[in-house]
Amino acid sequence: MTLSRRRFLCGAGRLIGGYALADVLHAASARTMPMRMAMPTLAPPKVPLVNPATLARFVDPLPVPPIARPSGQRTHPAYPGRSLPYYRMEMRAFSARVHRDVPPTPMWGYDGRSPGPTFETVRGEPLLIEWVNALPTKHFLPIDYNIHGAERTKPAVRTVTHVHGARVPAGSDGWPEDWFAPGHSALLHYPGVQDAASLWYHDHAMGITRLNIYAGLFGAFNVRDEDEQSLGLPSGDCDLPLILCDRLIAQDGQLYYPVSDDPSAPWVPECRGNSVLCNGKLYPYFDVEPRRYRLRLINVANTRFFDLSLSQGHVFQQIGSDQGLLAAPLQRLRIELYPAERADVVVDFTGMAGQTVHLHQQSEAILEFRVRDRGRPDPSVLPATLRPVPRIDPATAVRHRVLTVGEQDDASGNPMMMTLDGRMWSDPVTEKPKQNTIETWSFVNVTGDAHPIHLHLVRFQIIDRRPFDLFAWNASRVVKYIGPAQLPPPHEAGWKDTVRADPGMVTRIAMRFEGEPGRYVWHCHYLEHEDNEMMRPYQLLPA
Ligand code: C2O
Ligand code: CU
Ligand code: CU
């Protein structure tokens with residue numbers, strides 16, 4: 001970590017208070033190594049921001065996003081002779097209060113709300129969604145026109161929706177360049193050929209994903225199946241998404257997105273807020289009954305990781321990760337989630353009527369559960385085992401790819417941006433797995449930070465993380481291990497679609513490339529990185 005990098009982080013610390021400092025400390029303690037980075041410095045905000053420390057706690061109820069409802073049935077050429085549920089989902093501008101004492105915040109959202117409605121889907125039951133761009137034609141957040149795909153020649157407002165974690169044909173996956181402008185729409189189909197999991201949907205437009213998601217374009221997308229249904233886990237109004245993100249909010253209610261000190265190139269490599277929104281509210285409370293609840297924790301933040309815990313030593317029973325159920329519930333005091341990661345947890349309030357429990361992000365209480373008895377029995381159970389997770393044997397892989405998570409230098413050797421495998425988005429496709437084959441991918445992280453790496457289409461397993469010699473890598477591009485391999489802890493031993501690639505480590509994953517041939521993407525899920533070249537296409541070849 002060089003001085004310029006430190007300056008950037010310290011600047012952020014001044015801007016946004018205690019969180020950034022905590023991040024610096026976290027990064028400095030665990031996951032850093034010497035690294036030179038000449039990234040843009042953050043400009044101080046020109047408008048006064050809400051200081052969340054001054055806000056009243058727990059005065060707004062936690063919003064629970066409504067369930068999306070189909071507006072009818074339709075046929076689709078991919079499903080001959082069938083009639084499928086058809087959803088029409090409009091993206092619209094709207095204003096909402098993030099807190100009782102903050103003026104309304106203009107945002108963009110699916111169905112004019114953020115988080116958008118929750119999709120309830122079932123394995124084996126395909127559906128159609130028409131994503132409609134009904135947004136204004138002018139963007140309200142700072143576009144950087146130097147970024148590939150965000151040039152002034154493009155319409156400023158453009159969207160394309162991706163269902164994160166969904167196994168869908170390439171044409172329905174939300175290819176970043178398949179965006180459409182206001183007044184246009186895209187009809188995509190979702191075959192539902194995957195196990196129960198907590199997925200989420202969000203915008204993926206080339207070069208401005210970070211701004212569109214920051215504006216509010218995200219929501220939950222549940223996949224259910226009979227196997228999970230038969231377990232008797234908490235359901236109905238005791239099963240809900242808890243969608244977390246951080247924001248900076250100006251005192252007039254506007255969302256503030258940080259910019260660099262160069263007005264002609266406003267992109268910043270990280271965006272961290274000082275306020276944590278739970279389902280769109282700041283410090284909400286949630287009335288619960290003395291029974292079990294299933295919470296689907298989803299990190300939709302641009303760059304922040306969450307370090308979640310419950311007050312007074314209450315525990316989470318983690319039952320699932322990104323791509324569905326773990327083999328067995330895991331008792332956890334803390335849950336760390338990087339951007340786009342999910343944790344499905346059961347929290348048991350049985351016998352706690354009259355008490356309150358807090359959800360903490362690091363040391364701060366961000367949500368208050370108030371336990372009130374309404375006399376309903378709790379029919380739910382938490383079984384000892386959930387679903388087998390057969391391990392993929394790396395020895396069965398037909399191909400082992402070694403891919404850097406790194407930086408691109410300019411002509412004089414200054415790192416200008418972060419890249420994958422040293423390539424740009426527009427470089428020719430290099431990852432061309434064959435349908436139904438198993439591969440391992442090794443992410444060699446040569447930067448000073450962790451990056452959450454996500455592959456579209458597939459679910460994968462983490463094989464291990466292992467420290468390597470950066471100097472040997474830089475000198476000769478060979479991986480020389482300098483420590484033992486670390487197996488994933490139990491909560492990372494289930495099915496994943498996003499993995500934290502730690503600095504100084506080679507992170508190995510294994511997956512079978514099930515799905516339809518076509519073009520997909522893999523990328524860092526720090527949205528600022530993804531928008532600025534830390535995203536690559538891959539091509540799934542037919543078997
Ligand atoms: Cu959350 Cu490319 O996706
Ligand atoms: Cu995705
Ligand atoms: Cu990254």
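Both ligands and their constituent atoms are indexed starting at 1 by order of listing.
- In this structure, Trp200 has its ring center no closer than 6.0 Å to that of His454.
- Distance check for His525 against atom 2 (Cu) of ligand 1: none of its N/O/S atoms falls below 2.8 Å.
- Among the candidates Asp497, Val163, Asp173, Leu540, the single residue satisfying the side chain to side chain contact (heavy atoms under 4.5 Å, CB included) test with His456 is Asp173.
- Residue His451 approaches the Cu ion (ligand 3) most closely through its N/O/S atom ND1.
- Contact annotation: His202 places an N, O or S atom under 2.8 Å from atom 1 (Cu) of ligand 1.
- Counted by atom type alone, Thr209 and His162 present zero donor-acceptor pairs between their side chains at under 3.5 Å.
- Within the 4.5 Å cutoff, the side chain of Val446 has heavy atoms near those of the Phe468 side chain.
- Each of His529, Glu528, Arg210, Glu270 was compared with Asn302 under the side chain to side chain donor-acceptor pair (under 3.5 Å) criterion, and only Glu528 meets it.
- Residue side and main chain included, His454 places no N/O/S atom under 2.8 Å of atom 2 (Cu) of ligand 1.
- Remark: Arg113 is not positioned above the aromatic ring of Phe94, lacking an NZ or CZ atom under 6.0 angstrom from the ring centre and at most 45 degrees off the axis.
- Around atom 2 (Cu) of ligand 1, the two atoms NE2 of His523 and NE2 of His204 are separated by an angle of 110°, to 10 degrees.
- Among the backbone and side-chain atoms of His529, an N, O or S atom lies under 2.8 Å from the Cu ion (ligand 3).
- Look at His164 and atom 2 (Cu) of ligand 1: no N/O/S atom of the residue is under 2.8 Å from the metal.
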